[in-house]
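One structure below.
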Number of protein chains: 2
Amino acid sequence: MITVNALSEVAALMGDPARAAMLQLMMDGRAHTASDLAHVAGVTAQTASGHLARMVDANLLAARAQGRNRFYRLASGEVAHAIESLMALAGERAQPASKTAAWRRDPDLRFCRTCYDHLAGQVGMVVTDSLTRHGHLEPKGARDWALTRSGELFCQRLGVDLDGARQAGTRHFARQCLDWSERRPHISGALGAAIADTFFKKGWAERLRRGRTVRLTDSGRRALGSHFDTSV
Amino acid sequence: MITVNALSEVAALMGDPARAAMLQLMMDGRAHTASDLAHVAGVTAQTASGHLARMVDANLLAARAQGRNRFYRLASGEVAHAIESLMALAGERAQPASKTAAWRRDPDLRFCRTCYDHLAGQVGMVVTDSLTRHGHLEPKGARDWALTRSGELFCQRLGVDLDGARQAGTRHFARQCLDWSERRPHISGALGAAIADTFFKKGWAERLRRGRTVRLTDSGRRALGSHFDTSV
DNA sequence: CCAATAGTTCGGTCACGGCCGAATTATCAT
DNA sequence: ATGATAATTCGGCCGTGACCGAACTATTGG
């Protein structure tokens, strides 16, 4: 097995948006099911299966079968290190791998957190509910939403980078993402990420140092009232 | 400017074989002209120019104009670090950045060295000359070679991974590479890399710790006699 | 001034690879 | 047994992006 260009092969694996999303989820150090990984990547199970097989082949991931699930995790700390150093180049902050098993009970986490790169928890639901209630978002197919004309205007007024979100490769634009604490779908996909970005950029929300918990700032509370007519 | 998926964007830049080849050349810490970079990547100047512009845009590279040349180098140590950690994943060894300016005079270097990933110097020329002398390689176009049927058989007998080399994306298969010490073209491209790989794998040659110098082993000398009917 | 060289921009071609639908296998639940 | 869920393989579609030829600009040197 000759390695004509080893660097490009590994980098190309990480260079696909869907695979990168999966890898970033696995940066928490835990093992995730193929379904979960397909979900954060915004692709179908078949597509995800192909991606995962390739990454296992390249020794980026380790797979473990358990019942009818297969769990995937990063193959080694070196993989995590490489991903971190790449994210550092892009000015992103990688959340260090912490093995807090009790994270499911955290009330702050249930209130507001990131689900990979978009908002989840009560705040994520408030945003999603407000968008659907005002007719900005309409269900489309089984797992997507369509952004209506009024939704487009609303996002522009809010300062959401719609162009950037639409350029996000073949990633789903407005995906339904099942919220594990609320048990209902919130907005994810490229649009969900762009909205979350707006929250952070305007200082409405702040990521806490570790983990996925997000703190809603005072101006964030006011924004929820004025833009999403909800009080939390 | 929203970063919907920062990781994949950086990784995708490094994930192209041509760009990866350029980056690996720049891992020596020096600045290189656009022509040189096009050359090791095995692409035309236009294509290289586009690649370089994109990498400068993404702050992976820094460019400096000097006369009618433009010199490109890695933008920071962080970039080098990220590349190293990726190469480590693939089991490759990154050659540490040494600034030996006197490398042009080194007689060992003139005798045998790697030119990015293929053999250069007298040994590289011996191999190339032998292949052309026996009709295994024929000039094709201005800067390429064609591997003849007899060349194909010869490579198979030698244990060169032709299939692997042919899969190397859009990289040129058998490129002519101007040898700076011999002033004649030697074999490069995917085939040149595969041949060099064979030399290393069979123990005919060994990379020295630092720099590009390659040591021809005793069995390597014998192999040059038996397979390439040349004594050095 | 003219020829040669380095580099870039533009336009058009083409193939690789990501994507999904459909079908298949395996496990779990009733 | 029967149906539901998790995961995979296969086949075919299609868009992104890498590539090159041609034309253009800038610098150097005779």
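Throughout, a chain's letter reflects where its sequence line sits, starting with A, and its residues are numbered from 1.
- For A:Asp16, the side-chain atoms get nearest to C:dG18 when compared with the rest of D:dA18, D:dC20, C:dG18.
- The side-chain hydrogen bond (donor to acceptor under 3.5 Å, both in side chains) check on A:Thr148 picks up A:Ser150, with sequence neighbours excluded.
- In the set D:dC20, C:dG18, D:dC19, C:dG18 carries the atom at the smallest distance from any side-chain atom of A:Arg19.
- Taking every heavy atom of both residues into account, B:His118 and B:Ala193 meet most closely at CB-N, 3.9 Å.
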5' to 3', nucleotides 4-13 of chain D under a 4.0 Å protein heavy-atom cut-off (B base, S sugar-phosphate only, - none) gives BBSSBB----
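- Taking the six-membered ring for Trp and thresholds of 30 and 60 degrees, A:Phe154 and A:His136 have nearly parallel ring planes, at less than 30 degrees apart.
- The interatomic distance linking B:His51 (NE2) with C:dT9 (P) rounds to 14 Å, in whole Å.
- Taking atom CE of B:Met22 as the reference point, atom C1' of D:dC19 lies 12 Å away to the nearest angstrom.
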Contacts table for residues 47-54 of chain A: side-chain donor-acceptor under 3.5 angstrom, sequence neighbours left out:
residue, atom, partner, partner atom, Å
A:Thr47, OG1, A:Thr44, OG1, 3.2
A:His51, ND1, A:Arg19, NH1, 3.0

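- The CG atom of A:Leu191 sits 7.5 Å away from atom CG of A:Leu131, with the distance rounded to the nearest 0.5 Å.
- For the pair B:Gln66 CD and C:dA6 C1', the computed distance is 13 Å after rounding to whole Å.
- Applying the side-chain hydrogen bond (donor to acceptor under 3.5 Å, both in side chains) test to every pair with at least one member in residues 62-78 of chain B, sequence neighbours left out, gives these pairs: B:Arg70-B:Tyr72.
- The overall bend of the helix from C:dC1-D:dG30 to C:dT30-D:dA1, read as the angle between its terminal helix axes built from five base pairs each, is 30° when rounded to 10 degrees.
- Rounded to an integer number of Å, the gap from B:Met14 CE to D:dA18 C1' is 19 Å.
- In this entry the distance linking NE2 of B:His32 with P of C:dA6 reads 17 Å, nearest Å.
- Annotation: salt bridge (charged side-chain N to carboxylate O under 4.0 Å, His left out) contacts of A:Asp36 (sequence neighbours excluded): none.
- When A:Val10, A:Asn59, A:Leu60, A:Leu61 are each tested for a side-chain contact (heavy atoms from CB on, under 4.5 Å) with A:Val79, only one passes: A:Leu60.
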